[in-house]
Amino acid sequence: MEHTYQFLWIISFVILPVPMLIGMGLLLFLVSTKTLHRLWAFPSVLLLNIVMVFSTDLFIQQINSSSIYQYVWSWTINNDFSLEFGYLIDSLTYILLILITTVQILVLVYSDS
């Protein structure tokens with residue numbers, strides 16, 4: 001498997017739609033969303049498990065290669081002003097990614113049981 005860490009930005013977008021849909025459902029259809037909360041929990045747990053597998057794969061790659069990956073975007077460039085943002089991926093990032101994903105799954109399963 002080659003350089004999975006280049007697709008790390010996908011993790012935030014994989015789990016983003018479900019909480020947004022739940023929030024929109026609670027705002028627009030309060031009664032039906034509350035009664036169908038178990039239906040909303042299934043996609044959340046499924047997507048979090050996909051993210052967990054992806055995070056574990058990234059962590060194993062980090063253990064094998066011990067490399068640091070940094071990606072920086074230049075968002076706006078004006079005469080003397082440059083606004084850059086990006087991310088730095090190292091072993092601590094992977095450990096926290098697995099930890100936070102695990103806690104998210106456990107909290108979601110506990111709260112919807």
Side-chain angles (χ1 to χ4, degrees):
M1 204 173 239
E2 65 176 74
H3 306 299
T4 312
Y5 58 82
Q6 293 175 346
F7 304 106
L8 187 65
W9 60 272
I10 295 174
I11 287 179
S12 59
F13 293 110
V14 167
I15 57 177
L16 186 62
V18 174
M20 287 179 60
L21 288 173
I22 293 172
M24 293 293 290
L26 285 172
L27 289 175
L28 300 176
F29 311 106
L30 181 63
V31 176
S32 62
T33 303
K34 281 188 175 182
T35 57
L36 298 173
H37 73 281
R38 289 195 191 270
L39 182 67
W40 289 104
F42 178 74
S44 297
V45 172
L46 178 68
L47 290 175
L48 280 173
N49 281 321
I50 290 171
V51 168
M52 183 65 169
V53 168
F54 190 60
S55 302
T56 306
D57 177 50
L58 287 169
F59 183 66
I60 291 170
Q61 274 188 347
Q62 174 66 24
I63 289 174
N64 292 334
S65 66
S66 299
S67 62
I68 296 175
Y69 180 72
Q70 181 177 4
Y71 195 77
V72 178
W73 292 280
S74 292
W75 188 34
T76 181
I77 300 172
N78 196 356
N79 297 332
D80 294 331
F81 178 72
S82 174
L83 184 61
E84 297 177 342
F85 65 98
Y87 53 86
L88 174 73
I89 303 168
D90 57 352
S91 57
L92 180 62
T93 305
Y94 292 122
I95 291 171
L96 288 175
L97 188 61
I98 289 176
L99 177 71
I100 290 170
T101 308
T102 305
V103 170
Q104 271 184 319
I105 291 171
L106 292 174
V107 167
L108 191 62
V109 167
Y110 178 75
S111 66
D112 285 329
S113 61

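All values below were derived from every heavy atom in this structure, side-chain atoms included, with hydrogens, water molecules and symmetry-related copies excluded.
Both Leu99 and Leu92 are members of a single hydrophobic cluster when ILVMFWY side chains are connected at heavy-atom separations under 4.5 Å. There is no path of hydrophobic side-chain contacts, each under 4.5 Å, that joins Leu97 to Ile60. One hydrophobic cluster, built from ILVMFWY side chains closer than 4.5 Å, cannot hold both Leu108 and Leu106; they sit in different ones. Under the 4.5 Å side-chain heavy-atom criterion for grouping Ile, Leu, Val, Met, Phe, Trp and Tyr, Val51 is connected to Ile95 within one hydrophobic cluster. In the hydrophobic clustering of ILVMFWY residues, with side-chain heavy atoms under 4.5 Å counting as a link, Ile98 and Val103 come out apart.
To the nearest 0.5 Å, atom CG of residue Leu83 and atom CZ of residue Phe85 are 7.5 Å apart. Distance check: Ile105 CD1 to Ile100 CD1 gives 12.5 Å after rounding to the nearest 0.5 Å. One distance of note links OG of Ser55 with CD1 of Ile50; it measures 11.5 Å at 0.5 Å rounding. Here the CZ atom belonging to Phe42 is positioned 9.5 Å from the CG atom belonging to Leu47, to the nearest 0.5 angstrom.
The aromatic rings of Tyr94 and Phe59 sit perpendicular to each other, their planes meeting at more than 60°, with 30° as the lower class boundary.
The side-chain hydrogen bond (donor to acceptor under 3.5 Å, both in side chains) search around Thr56 returns none, not counting sequence neighbours.
Not a single donor-acceptor pair under 3.5 Å links the side chain of Asp57 to the backbone N or O of Val53.
Two residues are said to be in side-chain contact when any heavy atoms from C-beta on lie closer than 4.5 Å; Ile89 and Gln70 fail this criterion.
Nearest heavy-atom pair, Thr93 versus Leu88, reported as atom, atom and distance to 0.1 Å: OG1-O, 3.3 Å. A pairwise comparison of heavy atoms in Gln62 and Ser91 identifies NE2-N, 3.7 Å as the closest pair.
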